[in-house]
Amino acid sequence: MMKTKPLAAPARRPQSIRAAYAFIAPYALLFSLFIVIPVAIAIGLSFTNFNTIQMPSFVGFMNYVNLLTRDAIFMQYVLPNTILFAVIVGPGGYVLSFFLAWCLSQISKGPRTVLALLLYSPSMTSGVAMTVVWRILFSGDERGYLNALLLNLGWISEPIAFLQSSEYLMPVMIVVALWSSMGVGFLAMLAGMMNIDESMYEAGSIDGIRNRLQEVFYITIPLMKPQMLFGMVMAVVNTFQVGYIGVSLSGANPTPQYAGQLIVNLIEDYGFIRYEMGYASAASVVLLILIYVITKQSGKMFKED
């Protein structure tokens with residue numbers, strides 16, 4: 001018998017290749033300009049001593065050594081605060097986003113659209129809301145809404161300085177961060193749930209699924225892995241980005257007694273207040289590595305088979 005040669009893949013025309021590169025070029029240019037180049041510059045500056053006026057001087061790994069072994073503020077306050085904040089706000093905001101998206105997917109289109117807009121809007125106006133609403137709510141005098149309520153109920157005898165207290169600042173930051181965590185990840189999960197074919201739930205009921213909780217674990221989550229992964233990545237990134245919350249609420253950087261000081265605040269403090277750009281760059285590289293590791297490990301939960 002004569003052996004037949006396998007069909008060769010059709011050669012791509014040069015015009016189609018050039019068109020593909022033309023479509024990719026704007027994104028590649030912007031990505032390189034605003035992501036790749038700044039990251040490369042930050043990594044380079046992290047090995048220098050740079051005060052933004054004089055030329056950078058190479059110091060090797062000294063900034064990293066000082067940050068991780070000699071900076072008592074970083075090891076005693078900043079790193080534990082960042083880990084605590086990330087552990088609570090990241091998974092908490094993610095679970096809350098999924099739960100609210102699932103609740104909205106169970107109601108009709110009109111109310112769902114209105115409620116989705118109401119839940120998403122804090123993520124767009126969080127900066128304004130913090131200065132206008134939250135600082136009034138947690139004001140440290142009797143005019144603050146929470147203090148006025150507690151005083152009227154007789155639960156406290158004098159106002160509490162919530163935003164200047166090392167005991168209360170971090171809990172307030174966590175509440176505000178969870179309130180504003182319904183961002184793009186929340187919309188992605190809601191869209192994923194709305195695109196699930198209803199026949200899958202009907203088939204599941206025939207196969208033995210008897211309640212909504214089983215539907216969520218055996219049908220909803222497996223069928224929207226991409227949206228779940230995207231929501232998780234956004235939750236991780238947003239958790240480390242919202243370090244401005246403590247500074248906005250307390251009005252100071254560093255925050256009072258370093259109670260709400262996160263790595264993002266440390267970068268801003270050394271970079272734009274003390275003008276120690278080399279040290280700030282080293283802290284930003286540590287933050288970048290931390291985000292990358294957590295994102296990679298989290299992504300394994302929803303890895304496609």
Side-chain angles (χ1 to χ4, degrees), residues 17-52 55-56 58-59 61 63-64 67-68 74 78-79 82-83 85-86 89-90 93-94 97 120 123-124 126-127 177 180-189 191 225-245 247-248 253 262-273 275-304:
I17 295 177
R18 285 195 295 268
Y21 281 123
F23 279 108
I24 295 174
Y27 172 80
L29 177 62
L30 294 175
F31 183 79
S32 300
L33 185 61
F34 294 105
I35 302 295
V36 177
I37 295 176
V39 169
I41 293 175
I43 294 174
L45 288 178
S46 68
F47 298 102
T48 67
N49 182 15
F50 182 42
N51 61 4
T52 72
M55 288 295 294
F58 183 76
V59 295
F61 289 92
N63 288 325
Y64 293 98
L67 180 67
L68 299 176
F74 179 80
V78 177
L79 188 59
T82 303
I83 294 174
F85 187 80
V89 174
Y94 182 73
S97 297
Y120 179 68
S123 66
M124 299 185 295
S126 57
S180 60
S181 63
M182 303 297 110
V184 180
F186 160 73
L187 295 182
M189 286 189 279
K225 281 187 177 181
Q227 291 85 1
M228 297 290 290
L229 177 58
F230 176 77
M232 177 171 290
V233 171
M234 294 304 299
V236 172
V237 173
N238 290 335
T239 299
F240 286 98
Q241 284 183 336
V242 294
Y244 62 87
I245 288 179
V247 174
S248 299
N253 188 7
L262 307 180
I263 294 182
V264 176
N265 306 133
L266 179 76
I267 296 171
E268 181 184 5
D269 180 19
Y270 278 92
F272 301 103
I273 298 177
Y275 293 103
E276 297 182 20
M277 286 294 181
Y279 198 77
S281 298
S284 67
V285 172
V286 171
L287 178 61
L288 178 64
I289 295 173
L290 189 60
I291 293 176
Y292 176 78
V293 171
I294 294 177
T295 302
K296 290 291 289 185
Q297 295 300 319
S298 302
K300 293 180 180 180
M301 296 178 58
F302 297 102
K303 186 177 180 181
E304 294 289 343

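Just so you know, these numbers come straight off a predicted model, no measurement behind them.
Formation of a donor-acceptor pair under 3.5 Å by the Y64 side chain with backbone atoms of V286 is not found in this model.
Separation of atoms CD (Q227) and CG (L187) is listed at 12.0 Å; rounding is to 0.5 Å. With rounding to the nearest 0.5 angstrom, the OG1 atom of T52 is 6.5 Å from the OH atom of Y275. Separating the CG atom in L262 from the CG atom in L79 is a distance of 10.5 Å, to the nearest 0.5 Å. In this structure, L266 CG and Y279 OH are separated by 6.5 Å, a value rounded to the nearest 0.5 Å. Rounding to the nearest 0.5 Å places CG of L288 at 12.0 Å from OG of S281. For the atom pair N63 CG and L45 CG, the distance stands at 10.0 Å (nearest 0.5 Å).
Considering all non-hydrogen atoms of both residues, F230 and A188 come closest at CD2-CB, 3.5 Å. Between S284 and I267, the shortest heavy-atom contact is CA-CD1, 3.5 Å. A86 and T239 make their closest contact through CA-CG2, 3.4 Å (heavy atoms, listed as atom of the first residue, atom of the second, distance). The two residues S97 and M182 come nearest to each other via the heavy atoms OG-CE, 3.3 Å.
Using a 30° and 60° split on the angle between ring planes, F61 and F47 fall in the perpendicular class, above 60°.
Using a 4.5 Å cut-off on side-chain heavy atoms (C-beta onward), F272 and M277 make contact. Residues Y94 and M228 have side chains in contact (heavy-atom distance under 4.5 Å, counting atoms from C-beta outward).
The side chain to side chain donor-acceptor pair (under 3.5 Å) pairs that include a residue from residues 20-36 number zero, where partners must be two or more places apart or lie in different chains.
Checking each of N253, V78, T82 against N265 for a side-chain contact (heavy atoms from CB on, under 4.5 Å) leaves exactly one that passes, namely N253.
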